[in-house]
Trainee: 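Below are the structure tokens for one structure; questions will follow.
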Amino acid sequence: MIFRVEPRRDRALWAALKVHPELLVRTGRVAWRVREFPAMCVLVTEGAAVLRGPDGAAVGLAGRRDLVGLGGGGAGGAFRGHELRALRPCRVVPVPAARVEGALRRGSTTLPEVLRSMEDAAALARSVAGGAGRAPAAVRLARVVREAAHRIGTEGGKGTRVDDVPHRVWAEWAGLHRSTVTTLLNEWIYEGTLGQTGRALVVGPLGSLPGEPSGDVDPIGAER
């Protein structure tokens with residue numbers, strides 16, 4: 001699971017994490033991988049990384065203050081076969097899972113947020129999974145784009161900028177063909193549903209992407 005650590009709210013957890021040294025991980029290199037012993041978690045302090053499942057496909061993104069490996073980092077746990085690779089140069093803090101679990105027991109406000117995050121992650125995974133009743137392609141792509149904006153986006157005047165995500169990562173994560181992703185993104189940019197700055201996407205507020213709750217929201221680039 002990927003959990004966003006908020007220092008003021010998660011004080012015990014933050015205190016347990018910040019005493020460990022940072023490591024620089026270059027683009028494409030492994031930042032975290034499930035090992036037999038000891039079970040480890042890793043905190044991303046700068047940059048962005050992609051979490052890949054046992055089959056090598058992308059299943060999530062992690063950015064600044066995201067803790068990866070919580071709740072099953074051991075060889076037989078929920079993350080068996082998973083690894084985190086740098087999407088762009090990033091800094092990470094490896095921390096023994098036992099230390100993280102001890103901090104959770106001391107932090108009364110953090111554990112409910114961890115459980116909520118686990119529920120949200122499971123809901124997102126179900127929404128993009130295969131099988132009967134799966135969401136339309138545009139909705140599945142919209143859901144992972146929104147999650148990426150939350151995880152690795154940079155807030156700006158026209159929306160949230162999301163850099164450095166290749167189309168193959170979007171495709172793997174959303175369970176789509178790469179050509180479908182390229183077609184949808186191009187359509188959204190042309191229609192103003194998404195903005196674009198160079199190779200970066202600019203994501204509008206909640207409600208601006210397909211399948212999101214509707215509201216009084218203007219697509220990026222739309223004129224009043």
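Residue numbers run from 1 in the order of the sequence given. Here the structure is a predicted model, which means the values were calculated and not measured.
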Trainee: Take D164 and T27 through the side chain to side chain contact (heavy atoms under 4.5 Å, CB included) test and state the conclusion after the steps.
Mentor: CA-CA 11 Å; D164 304 320; T27 302; over 6 Å; no
Trainee: Applying side chain to side chain contact (heavy atoms under 4.5 Å, CB included) to E22 and L24, what does each step give before you reach the verdict?
Mentor: CA-CA 7 Å; E22 288 184 333; L24 174 63; over 6 Å; no
Trainee: Less than 4.5 Å apart, side chain to side chain, heavy atoms only: is that true for L176 and W170?
Mentor: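 No. Closest side-chain heavy atoms not under 4.5 Å.
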Trainee: Could you go through V100 and L17, starting from their C-alpha distance and side-chain angles, then the distance that decides it, and tell me whether this counts as side chain to side chain contact (heavy atoms under 4.5 Å, CB included)?
Mentor: CA-CA 8 Å; V100 171; L17 297 171; 4.1 Å; yes
Trainee: For the CG atom of L84 and the CZ atom of R29, what is their distance to the nearest 0.5 Å?
Mentor: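 Those atoms lie 14.5 Å apart.
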Trainee: Do V30 and V25 belong to the same hydrophobic cluster, where Ile, Leu, Val, Met, Phe, Trp and Tyr are linked whenever their side-chain heavy atoms lie under 4.5 Å apart, directly or via other members?
Mentor: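 The answer is no; the residues belong to distinct hydrophobic clusters.
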Trainee: List the atom of C90, the atom of G47, and the distance in Å for their closest heavy-atom pair.
Mentor: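 Distance-wise, the nearest heavy atoms are CB-CA, 3.8 Å.
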Trainee: If we only count heavy atoms from C-beta on, is the V169 to R52 side-chain gap below 4.5 Å?
Mentor: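 Yes. Closest side-chain heavy atoms under 4.5 Å.
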Trainee: Measure the shortest side-chain to side-chain distance between H20 and R99 over non-hydrogen atoms and say whether it is less than 4.5 angstrom.
Mentor: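 In contact.
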Trainee: Would you find a donor on one side and an acceptor on the other, under 3.5 Å apart, between the side chain of R140 and the backbone of G175?
Mentor: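 Checking the backbone N and O of G175 against the side chain of R140, a donor-acceptor pair under 3.5 Å is found.
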Trainee: Checking side chain to side chain contact (heavy atoms under 4.5 Å, CB included) for the pair L194/V203: CA distance, chi angles, key distance, verdict?
Mentor: CA-CA 6 Å; L194 282 176; V203 185; 4.0 Å; yes
Trainee: Can you hop from V181 to V139 via hydrophobic side chains spaced under 4.5 Å?
Mentor: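 No, separate clusters.
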Trainee: If you look at every heavy atom in S208 and R146, which pair is closest and at what distance?
Mentor: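 So the two residues come closest at OG-NH2, 3.4 Å.
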Trainee: Group every Ile, Leu, Val, Met, Phe, Trp and Tyr by side-chain heavy-atom contacts under 4.5 Å, then state whether W14 and V114 land in the same group.
Mentor: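 In one cluster: yes.
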Trainee: Identify the heavy atoms of P166 and L87 that sit nearest to each other, and give their distance.
Mentor: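 Shortest heavy-atom separation between P166 and L87 comes out as CD-CD1, 4.0 Å.
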Trainee: Working to the nearest 0.5 Å, report the span between CG of L51 and CD of E83.
Mentor: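 It comes to 9.0 Å.
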Trainee: Is any side-chain heavy atom of V162 less than 4.5 Å from a side-chain heavy atom of V145?
Mentor: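 No, too far: nothing below the 4.5 Å cut-off.
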Trainee: Can you confirm whether more than 12 heavy atoms, excluding those of R9, are under 6.0 Å from its CZ atom?
Mentor: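 Enclosed: over 12 neighbouring heavy atoms sit under 6.0 Å from CZ of R9.
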Trainee: Any heavy-atom pair between the side chains of F3 and L13 that's under 4.5 Å?
Mentor: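 Result yes, sub-4.5 Å side-chain heavy-atom pair found.
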Trainee: So which atom in V68 and which in A62 form the shortest heavy-atom distance, rounded to 0.1 Å?
Mentor: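 Looks like CG2-CB, 3.8 Å.
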Trainee: CZ of R64 to OG1 of T154: how many Å apart, nearest 0.5 Å?
Mentor: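 Reported to 0.5 Å precision, the distance equals 10.5 Å.
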Trainee: Kindly compute the distance separating CZ (R143) from CG (L209), expressed to the nearest 0.5 Å.
Mentor: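 So the gap between those two atoms works out to 11.5 Å.
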Trainee: Has R11 got more than 12 heavy atoms of other residues, nucleotides or ligands less than 6.0 Å from its CZ?
Mentor: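 Not buried by this count: 12 neighbours or fewer within 6.0 Å.
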Trainee: Please report the interatomic distance OG1(T180) to CG(L185), rounded to the nearest 0.5 Å.
Mentor: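 So the gap between those two atoms works out to 10.5 Å.
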Trainee: Within a radius of less than 6.0 Å around CZ of R88, do more than 12 heavy atoms belonging to other residues, nucleotides or ligands occur?
Mentor: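 Enclosed.
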Trainee: When you compare the side chain of V144 with that of L61, does any pair of heavy atoms fall below 4.5 Å?
Mentor: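 Not in contact.
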Trainee: Under 4.5 Å between side-chain heavy atoms, counting indirect links through other Ile/Leu/Val/Met/Phe/Trp/Tyr residues: same cluster for V5 and L115 or not?
Mentor: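 They do share one cluster, since a chain of ILVMFWY contacts under 4.5 Å joins V5 to L115.
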Trainee: Treating N186 as the side-chain partner and T183 as the backbone partner, does any N or O pair qualify as donor plus acceptor under 3.5 Å?
Mentor: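 Looks like no, no N/O pair under 3.5 Å.
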Trainee: Taking the side chain as every heavy atom from C-beta outward, state whether H82 and V59 have any pair of such atoms under 4.5 Å apart.
Mentor: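 Answer yes - side chains close enough.
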Trainee: Distance check, rounded to the nearest 0.5 Å: L104 atom CG versus D10 atom CG?
Mentor: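 Rounded to the nearest 0.5 Å, the CG-CG separation comes out at 8.5 Å.
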Trainee: Which heavy atom of P94 sits nearest a heavy atom of V92, and at what distance?
Mentor: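 Residues P94 and V92, closest heavy atoms: CD-O, 3.7 Å.
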Trainee: Would you say Y190 ends up clustered with L184 if hydrophobic residues are merged whenever their side chains have heavy atoms under 4.5 Å apart, either directly or through other cluster members?
Mentor: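 L184 does not cluster with Y190.
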Trainee: Is a side-chain donor or acceptor of R151 paired with a backbone partner of G63 at a separation under 3.5 angstrom?
Mentor: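 Not a single qualifying donor-acceptor pair exists.
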Trainee: Return the minimal non-hydrogen interatomic distance between D163 and A200, and the atom names on each side.
Mentor: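 Shortest heavy-atom contact: OD1-CB, 3.1 Å.
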Trainee: Under a 4.5 Å cut-off applied to non-hydrogen side-chain atoms, are E6 and E113 in contact?
Mentor: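 Answer no - side chains too far apart.
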